[in-house]
Amino acid sequence: MADFFDRLKAGLAGAAEAFGPGRYQVEGRRVTCPHCGSEEFAEGSAQLNTAGMTFIGLDWANRSAYTLMCARCSRIEWFGQAPDRL
Ligand SMILES: [Zn+2]
C-alpha cells in the first residue's frame with residue numbers, strides 16, 4: 001500500500017512539474033485545504049476501478065477521480081468531476 005501512495009505522489013509531482021501548483025474551484029466554491037488552509041494545489045488523477053471500490057458499492061464511479069494535492073502540507077482532496085483551475 002505504501003508503494004501505491006509513493007507512485008501516486010510521484011504522479012502528482014509530475015503533474016505539478018508540468019503545470020505548477022494553482023488555485024482551483026469546484027461548483028463555484030474555492031478549494032481550500034482543510035488541514036492547513038492553503039489554496040495552492042497540484043492537480044492529478046487516479047483510477048478508481050479496483051476490487052475495493054466494487055466491494056464498497058462505488059461501481060458507478062468506476063473510472064478515474066481527480067485529485068488535488070495541497071502544495072503546502074501534501075493532503076490530497078478527491079473529486080469525481082474535474083476541478084476548475086483559476
Ligand atoms: Zn494543506
Side-chain angles (χ1 to χ4, degrees):
M1 207 56 186
D3 184 52
F4 168 78
F5 284 110
D6 284 345
R7 274 185 281 141
L8 181 62
K9 281 185 186 173
L12 293 175
E17 202 171 288
F19 305 111
R23 291 165 185 247
Y24 293 85
Q25 68 177 15
V26 175
E27 290 296 319
R29 288 179 58 91
R30 182 76 62 88
V31 181
T32 304
C33 177
H35 182 69
C36 76
S38 174
E39 294 184 341
E40 296 272 317
F41 293 88
E43 185 176 357
S45 63
Q47 292 295 317
L48 289 179
N49 53 347
T50 65
M53 285 297 178
T54 300
F55 178 70
I56 62 173
L58 284 175
D59 275 345
W60 57 268
N62 200 7
R63 41 183 193 240
S64 60
Y66 299 88
T67 57
L68 293 178
M69 183 172 74
C70 177
R72 185 189 295 168
C73 76
S74 79
R75 182 188 161 100
I76 298 172
E77 296 295 308
W78 296 75
F79 294 95
Q81 61 175 294
D84 299 318
R85 188 175 171 117
L86 299 175

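Numbering of ligands and ligand atoms starts at 1, following listing order. Start at 1 with the first residue, then count along the sequence.
Annotation for E27: atom CD does not count as buried by contact number, only 12 or fewer foreign heavy atoms lying within 6.0 Å.
Among all heavy-atom pairs drawn from E43 and P83, the shortest one is OE2-CD, 4.3 Å.
Residues F79 and V31 meet the side-chain proximity criterion, which asks for heavy atoms closer than 4.5 Å.
Protein nitrogen, oxygen and sulfur atoms, that is N, O or S, within less than 2.8 Å of the Zn ion (ligand 1) amount to 4.
For the pair R30 and E39, the salt-bridge criterion is met [side-chain N within less than 4.0 Å of a carboxylate O].
With sequence neighbours left out, R29 forms a salt bridge (Lys or Arg N to Asp or Glu O under 4.0 Å) with no residue at all.
The backbone N or O of C33 lies less than 3.5 Å from no partner atom in the side chain of R75, so there is not a single donor-acceptor pair.
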